[in-house]
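If you're wondering where the values come from, they're calculated on a predicted model, not measured in any experiment.
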Amino acid sequence: MAQLQIKLVRSVIDRPERQKRTVQALGLGKMNSTRTVENTTEIAGMIKAVQHLLEVTEL
């Protein structure tokens, strides 16, 4: 499968708890942290839920 690089570009402060947990489940903690993940349907759904906080690039 394709690899995706996700980067947290906006803060999770003052966001709903569900969005905070989704960002944490993606493996992102602080601002500007990045992670490379497989493009699975589960990951794609998580990214879509918090896409306004992330920057996603396909590798």
Can you sort out the partners of T34 under side chain to side chain donor-acceptor pair (under 3.5 Å), two or more places apart, ordered by chain and number? none
Could you pull out all residues at least two apart from E17 that satisfy side chain to side chain donor-acceptor pair (under 3.5 Å)? none
Between atom [atom1] of [X] and atom [atom2] of [Y], what is the distance when rounded to the nearest 0.5 Å?
{"X": "S11", "Y": "K30", "atom1": "OG", "atom2": "NZ", "answer": "12.5 Å"}
{"X": "N39", "Y": "I6", "atom1": "CG", "atom2": "CD1", "answer": "10.5 Å"}
{"X": "R10", "Y": "R15", "atom1": "CZ", "atom2": "CZ", "answer": "5.0 Å"}
{"X": "S33", "Y": "L28", "atom1": "OG", "atom2": "CG", "answer": "4.5 Å"}
{"X": "M46", "Y": "Q24", "atom1": "CE", "atom2": "CD", "answer": "10.0 Å"}

Heavy atoms, side chains only, cut-off 4.5 Å: are [X] and [Y] in contact?
{"X": "L54", "Y": "V9", "answer": "no"}
{"X": "K7", "Y": "R35", "answer": "no"}
{"X": "L4", "Y": "L59", "answer": "no"}
{"X": "V56", "Y": "Q51", "answer": "no"}

Run the side chain to side chain contact (heavy atoms under 4.5 Å, CB included) test on V37 and L26 for me, step by step, so that the C-alpha distance in whole Å, both residues' side-chain angles and the decisive distance to 0.1 Å come before the verdict. CA-CA 9 Å; V37 294; L26 285 169; 5.7 Å; no
Does the side chain of E38 pick up a donor-acceptor pair with the side chain of Q3 at under 3.5 Å? yes
